[in-house]
Asker: 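Structure provided below as structure tokens; questions to follow.
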Amino acid sequence: MNTEGVVDSARADEVLRRARAVPEGFVTTYGDLCPDAPRFAGAVLAACHDPDVPWQRVVRADGSLAQG
């Protein structure tokens, strides 16, 4: 997937809004951030360089950490 410009879409804004809403001490999944396209959520987080986005609170559906 080409992540060029991904962070500038309304869909990506919603993914980032949901990621920012995850409280400290909790985690969520990529599927929770974008139910119809979890890989899109991963691409958005990978392309986002905003330090206010708690990407470390997002895990895979099985609870494991993504590689990378």
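This is a predicted model, so every value here is computed, not measured.
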Asker: What distance do L16 atom CG and D52 atom CG have between them, rounded to the nearest 0.5 Å?
Answerer: 11.0 Å
Asker: Could you go through V59 and Y30, starting from their C-alpha distance and side-chain angles, then the distance that decides it, and tell me whether this counts as side chain to side chain contact (heavy atoms under 4.5 Å, CB included)?
Answerer: CA-CA 7 Å; V59 298; Y30 294 98; 5.9 Å; no
Asker: Sort out for me which residue in L33, T29, V53 forms a side-chain contact (heavy atoms from CB on, under 4.5 Å) with V58.
Answerer: L33
Asker: Going by heavy atoms in the side chains, are V27 and V22 under 4.5 Å from each other?
Answerer: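 Side-chain contact under 4.5 Å: no.
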Asker: So, R57 side chain and F26 main chain: donor-acceptor pair closer than 3.5 Å or not?
Answerer: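 No, because the side chain of R57 does not come within donor-acceptor range (under 3.5 Å) of the backbone of F26.
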Asker: On a heavy-atom basis, which atom in R60 and which in L65 lie closest, and how many Å separate them?
Answerer: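 The pair with the smallest heavy-atom distance is CD-O, 3.8 Å.
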Asker: Tell me the closest heavy-atom pair linking G31 and P38, and the distance in Å.
Answerer: N-CB, 3.8 Å
Asker: Answer yes or no on whether R11 is positioned over the face of F40, meaning its NZ or CZ is under 6.0 Å from the six-membered ring centre and within 45° of the axis.
Answerer: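 Cation-pi check for R11 and F40: passes.
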Asker: Check side chain to side chain donor-acceptor pair (under 3.5 Å) between R18 and all other residues, then give those that pass, not counting sequence neighbours.
Answerer: E14
